[in-house]
Amino acid sequence: MTVTRVAVARTRELTGATVARVRAASRADGAAESGLTHLLWVNAVHMAGDAMIAVSLAGTLFFAAASDAQRGNVALYLLVTMAPFALVAPVIGPLLDRLQRGRRWALGAAALGRAVLALVMAAHYDDLVLYPAALGVLVLSKAHNVLRAAVVPRVLPAAMSLTSANARLSVFGLVTAGVFGGIGAGIAWLFEFPPLLWATSAVFLVAAVLAVRLPRHVDVPTGEQPADVLSTGPVPAPGRRRRPVNPHVVLALRANAALRGLGGFLTIFSAFLVQATVEGGWEATLALGAIAGAAGAGSVLGTGIGSRLHSADPDRVVVWAAGAAAVVTVLAAVFFGLATAAVVAGVSAVANALGKVALDAIIQREVPEGLRASAFARSETVLQLAWVFGGAVGIALPPIGWLGFAVAAALLVLAVGLLLWTPRRRRWAPVDPAAPTVPGSPAVPVAAGPDAPTVPEAPRP
């Protein structure tokens, strides 16, 4: 009895100390006062629900499609998993630019919709109604990610950079996803999938309540302007109201898109490959779990390293990350094996995290404040679509290891080569809408950097 009491007391002490440290980390650097702490927990609960949904879809949709290996099932799985990303770009992006108010309510509505759809999935996990419900869950998940990306600049503390804020969001989200993913797997193993989806619905309800309780200044309009993150022209194209961003942002986004595409390819292709080559349910689960675990550990490691690279040039970090991913993918194509696939997953996750941290730093450095929220959300949309492309390549290819990694390596080397071949341009920043202009002078961007030409002063009266 004495040993039991001591063990219980020690467990309570350690748990209390852990909770205190987590709360202190979430509130540090003025995050509590600005509202970033609240958004951090909204995102953490959202990613916890995402992990539980992933467990349920893995057991109901994915493994059924992979084991049958029928074109109809694979096409249906492609529709359910890829359509959300394709819907995000043309619908959520333009809507977000117009949605200056009500973003916390939009976040809450997305979480509430996912809670309802999780209950629908629980009631129809063995019939065709599961597919549209799963499609809706994934669409709302991507809508949440884009909305969150637009909200972050509004709750950014004065003493913190976008890089640090996003790194903190990623670390907390990855930890909660790992914990709740394990809990979800245990629930599915003990009680099957309907109870898991009931618990997932409860998690999303908590996320909805937390979202609508975000600070009110999240919904205050700040005169944001729509940004164009795909073109590098110094002025907006005729007939378009989007303002171009600095070419450094565009090139960094392209590098991150290549990395995100590799991540999508590895996620889909590795799962099909394991199901096709590894016999036995538990052996396949362990092999796939090793690849997923390497990717998760790489994401945490890369985010932690990136958040501490304060003196590194983010432009070089992006290129080096893409280059490292290309090299390790080429090696995996030559020396293929499930162990090398896990290594590629880990290195790719580290490169993805480093590239995203560097992209955030470049956006904060190069994009004016009035365009930053739109540029941040638009870049997230582009990255999600890049994941789609990589996943589509993974589904289209036959489950032959060396062939799949050879195609992925060729595409990634081509992308990195195009990045290195792109001629270096001057750092042009778009005109700040709030900046005063000299009467009678054209509104043209002004070059930034030490080699920028000087602007002559306006003649004094």
Side-chain angles (χ1 to χ4, degrees), residues 23 26-27 31-54 56 84-85 87-89 91-122 132-157 165-166 168-170 172-177 180 184 196-222 224 373-374 376-378 380-381 384:
R23 289 190 62 187
S26 67
R27 299 168 64 89
E33 292 76 12
S34 69
L36 179 62
T37 298
H38 206 115
L39 180 63
L40 185 149
W41 291 116
V42 171
N43 185 65
V45 177
H46 159 79
M47 292 188 69
D50 265 351
M52 298 175 76
I53 283 290
S56 64
F85 301 92
L87 291 176
V88 163
V91 177
I92 301 300
L95 179 62
L96 189 61
D97 287 333
R98 294 175 176 84
L99 188 63
Q100 295 287 320
R101 297 179 182 269
R103 288 182 178 175
R104 59 194 177 109
W105 294 100
L107 284 169
L112 180 62
R114 300 185 80 197
V116 173
L117 289 173
L119 293 178
V120 174
M121 292 173 63
L135 172 64
V137 168
L138 294 173
V139 168
L140 292 177
S141 173
K142 304 313 163 188
H144 169 93
N145 290 337
V146 176
L147 285 166
R148 182 206 63 209
V151 169
V152 170
R154 294 191 172 193
V155 295
L156 189 67
N166 284 308
R168 189 174 298 184
L169 286 167
S170 298
F172 274 77
L174 288 169
V175 170
T176 55
F180 279 81
L196 168 60
L197 290 165
W198 298 339
T200 305
S201 178
V203 170
F204 284 134
L205 282 176
V206 173
V209 173
L210 291 176
V212 298
R213 296 186 64 183
L214 282 166
R216 293 183 180 273
H217 65 258
V218 168
D219 292 336
V220 176
T222 58
E224 298 170 2
S374 178
F376 198 24
R378 287 279 170 172
E380 184 65 29
T381 302
Q384 307 228 14

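For the single chain, residues carry numbers from 1 onward in sequence order.
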What distance do [X] atom [atom1] and [Y] atom [atom2] have between them, rounded to the nearest 0.5 Å?
X    : Y    : atom1 : atom2 : answer
L36  : R168 : CG    : CZ    : 6.5 Å
L214 : W105 : CG    : CH2   : 10.5 Å
L119 : W198 : CG    : CH2   : 9.5 Å

Looking at every heavy atom in both [X] and [Y], which two are closest together, and how far apart are they?
X    : Y    : result
A208 : G108 : CB-O, 3.5 Å
P215 : R104 : O-CD, 3.9 Å
L140 : G113 : CD1-C, 3.7 Å
M121 : A133 : CG-CB, 3.5 Å

| task | For a side chain to side chain contact (heavy atoms under 4.5 Å, CB included) with L210, tell me which candidate from V45, L205, L107, L39 qualifies. | result |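 The side chain to side chain contact (heavy atoms under 4.5 Å, CB included) with L210 is passed solely by V45 among V45, L205, L107, L39.
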| For R148, side chain to side chain donor-acceptor pair (under 3.5 Å) partners two or more places apart |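 Side chain to side chain donor-acceptor pair (under 3.5 Å) list for R148, sorted by chain: N43.
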Please check this pair: side chain of [X] against backbone of [Y], looking for a donor-acceptor N/O pair closer than 3.5 Å.
X    : Y    : value
S34  : L156 : no
R114 : V137 : yes
S201 : L197 : no
T200 : L196 : yes

| Is the H144 ring parallel, tilted or perpendicular to the H46 ring (thresholds 30°, 60°)? |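 Correct class here is parallel.
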| field | All pairs passing salt bridge (charged side-chain N to carboxylate O under 4.0 Å, His left out) where residues 39-49 contributes a residue, at least two apart | value |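 Every pair satisfying salt bridge (charged side-chain N to carboxylate O under 4.0 Å, His left out) with a residue in residues 39-49: there are none.
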